[in-house]
Structures are given as structure tokens and as C-alpha cells.
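What follows is one structure encoded as C-alpha cells, with my remarks underneath.
Whatever order the structure lists them in is the order used to number ligands and atoms, beginning at 1.
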Amino acid sequence: MKTKITELLGIEYPIIQGGMAWVAEAGLAAAVSNAGGLGLIGVANAPVEVVREEIRKAKQLTDKTFGVNIMLLSPHAADIASVVVEEGVKVVTTGAGSPEKYMKLWKAAGIKVIPVVASVAFARRMERVGADAVVVEGCEAGGHIGEATTMSLVPQVVDAVDIPVIAAGGIADGRGFMAAIMLGAQAVQMGSRFVVARESIVHDNYKKRVIEAKDIDTVVTGRSHGHPVRSLRNNMTREYVKLENEGKSFEELEYLTLGTLRKAVMDGDITGGTVMAGQVAGLIHEEKSCRDIIMDIMSEADKLIRDYKVE
Ligand code: TUI
């Protein structure tokens, strides 16, 4: 399937794996790229040398294009901005902030820059400063989110900018993929679906929790401090919500969550850890290889187009 995004990135299928903290390591990114999508290494708060190692590992595992997602709240973001240039990374996506100050550096190195946006105004700004495309992420997504939903935001951004749009948030199968294409997106990005990939290093407890999740099992914490994060409801989120309702400061709440994503992803502590996932967790029923995830979506999408008729 050819779209402006498959052409821009030189990939076979318009499916991107989200650059999730602790989850999106070199092995997962390479598996997605080897299957014809775009894999991303998610650097989150990792120190710069770890990121360099992950990039080098991915190069060993695939000769296809892969990218790096830089979480801009990271204290190491500026150093990592240089490492992607030094290592010849071809695609950079950014999250949780504005990449404007790195734009010149990345464009001069020929890097395709794709910021994640959660509003029309920010998408317009990213186009103005030279972004090659934007990921429009609706608040159905897991992790750090904005306010608007995928269904409402994607077509508004499509109307507002001339660069290609990638839809994210609430997409896990061929129906979501086709819906995003109908909204005007040129590709989709999925996170939760790839958490439950066979190649994903996420602890089995975490995968099982996502597979067992129902439609209304996610909760958003941190809204009161302007840092909303969606995850699966558990002891951790209950404690957070309790303290948030008591009016505890942002610093106190941050302290509570420190290291809890790692605890869930690596140690499998799904009651005391933070189990970030999108609302689409209720739609994910089994572990599959990255190749099967991508091929099943593409064949489901193909069948949807061929069989579609209005009665
Ligand atoms: O970044 C994400 N999702 C994330 S980052 C993350 S790491 C983390 N861990 C614990 C607490 C907080 C973060 C987990 N999940 N998605 C991309 C995304 N970016 N969603 C929304 C945005 C965004 C929001 C506001 C991008 C830009 C923005 O405003 C920029 C501006 O200057 O207005």
C-alpha cells in the first residue's frame, strides 16, 4: 500500500510502532521495521550512552529504516538530539513537547522529523518550523496525552496542514486503520497493540493485563497538574487519584510514580506499578508477532474495502 508516508519513509506498510518508554527497545523496533512498518526506539529518560547502544543494536538487527522517539521532558533530550545525528538515524519522532530548537540540526542532517501533536495549533506550528509530517495523537492513547479524541482531531489537523498526518490513539486493528485513512491520515501509529507483540520484551504479567483489560479499564491521572497520563486502573492509580483529590503537589505525586513504569514493564508488578495502555486495550485479545499484527491489519483493511457496500 502506497501513501505519502510510505513514500516519505521508504517503508512497505503505513504502520508505525509507537516509541514507548521502557517498551520500544531495539529488538521491537527492528522486528516492526523487518515486517515492513516503521519501528521506533523509545528513549524516554534513558541516558545518552544507552540510547547510542540501542541505535547500534537496531542497525545490527535490521537493514530497513527505523526511527527514534525522543521524549522532550527527558533531562537528556538535548544530548540525544545530537546522538541521533551522529548515529545517522533517518527518522525522529518527538513527544510531550516542542522540538523546535533541534529542528535546524536535524533537517541539516537530512533526518525526517515527525513531532507528535495533540492540537491543531501545535500541528500548524510544527509545519511552519519544517516538520515532514505529524503524528496526531488522540486522548484514547496510553501514556502522556492531550485533550481531544482521535476521531475529532485527525480530520481537523488534516484540514489545517499540508504535510502528511499519521493518526494515533485508539487504533489496534484493520477497522481502526481504515477509519484513520478515511479521516485523511496517511498512516497510523500504534502503541498498545505492539506492547503485546511476541517480540516485545514487556513482562508477561503486563501483556496479560492488557489482554484481559476491558473497554473502561483505563484511567487518566495527573490532569490537575497539566500532565495527564492514561494507564490501566490498579492500586497505583487509586492511590494517585486519592492524593490528587487531596490536593497534593505535583512534586509529591511525581515522587509517588517515580520508577513505577519500569516496575510494571520489567518486573511485572502490575498492581503497584504504572501499566500505561490506551483505551484500545479492550480490543487486544492475543499476543502475535509484529509481522502478523501488520499483515492482519493490512488484509482486514483490504477486505473491508472490497466488501463495503451501503444497503
Ligand atoms: O509522549 C507521549 N506519550 C508518553 S511520554 C511518556 S514518558 C512519561 N512517563 C511518565 C510521566 C509522563 C511521561 C509516556 N507516554 N505521547 C506523545 C504526545 N505528545 N502526546 C501528547 C503530546 C504533546 C502534548 C503537548 C505534544 C506537545 C505538546 O505541547 C507542546 C507545546 O509546546 O505546546
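A side chain to side chain contact (heavy atoms under 4.5 Å, CB included) with Ile166 holds for exactly one of Val136, Val134, Ile114; it is Ile114. The only member of Glu54, Glu53, Gln60 that meets side chain to side chain donor-acceptor pair (under 3.5 Å) when paired with Lys57 is Glu54.
The closest protein non-hydrogen atom to atom 20 (N) of ligand 1 is Glu137 OE1, 2.9 Å. Atom 31 (C) of ligand 1 has Phe122 CE1, 3.6 Å as its closest protein atom, hydrogens excluded (heavy atom only). The single protein non-hydrogen atom nearest to atom 1 (O) of ligand 1 is Ala96 N, 3.7 Å, given as residue, atom name and distance. In this structure, the protein non-hydrogen atom closest to atom 5 (S) of ligand 1 is Met71 CG, 3.6 Å.
Heavy-atom minimum distance, Thr150 versus Gly138: OG1-CA, 3.3 Å. Residues Ala160 and Val120 share a closest heavy-atom pair of CB-CG1, 3.6 Å.
Residue contacts with ligand 1 include Gly97, since one of its heavy atoms falls under 4.0 Å from the ligand. Put simply, no part of Met20 is less than 4.0 Å from ligand 1, judged by heavy atoms.
Contacts between His227 and ligand 1 below 4.0 angstrom, taking non-hydrogen atoms only, are absent altogether. If you look at Glu147 next to ligand 1, there are no close heavy atoms at all, none under 4.0 Å.
Side-chain contact between Glu300 and Arg175: present, with at least one pair of heavy atoms (C-beta onward) separated by less than 4.5 Å. Side-chain contact between Leu72 and Tyr102 is present, with at least one heavy-atom pair separated by less than 4.5 Å.
Close contacts between ligand 1 and Met276 involve ligand atoms 9 (N), 10 (C), 14 (C) [criterion: under 4.0 Å to a heavy atom]. Which parts of ligand 1 touch Arg125 is read off a 4.0 Å heavy-atom cut-off, strictly below it: atoms 32 (O). Taking every non-hydrogen atom of Val116 and a distance limit under 4.0 Å, the qualifying atoms of ligand 1 come out as 17 (C), 18 (C), 19 (N), 26 (C).
Ring-plane geometry between His225 and Phe250 is classed as tilted, the angle between the planes lying from 30 to 60 degrees on a 0 to 90 degree scale.
Between Arg125 and Glu100 there is a salt bridge, since at least one side-chain N of the basic residue sits less than 4.0 Å from a carboxylate O of the acidic one.
Inside a 4.0 Å radius of atom 10 (C) of ligand 1 there is at least one protein heavy atom.
Of all the listed residues (His144, Arg230, Gln189), His144 holds the heavy atom that lies closest to atom 4 (C) of ligand 1.
Looking at ligand 1, you won't find any N or O of Val229 less than 3.5 Å from one of its N or O atoms.
Between Thr149 and Ser152, the side chains place a donor N or O and an acceptor N or O closer than 3.5 Å (distance only, hydrogens not considered).
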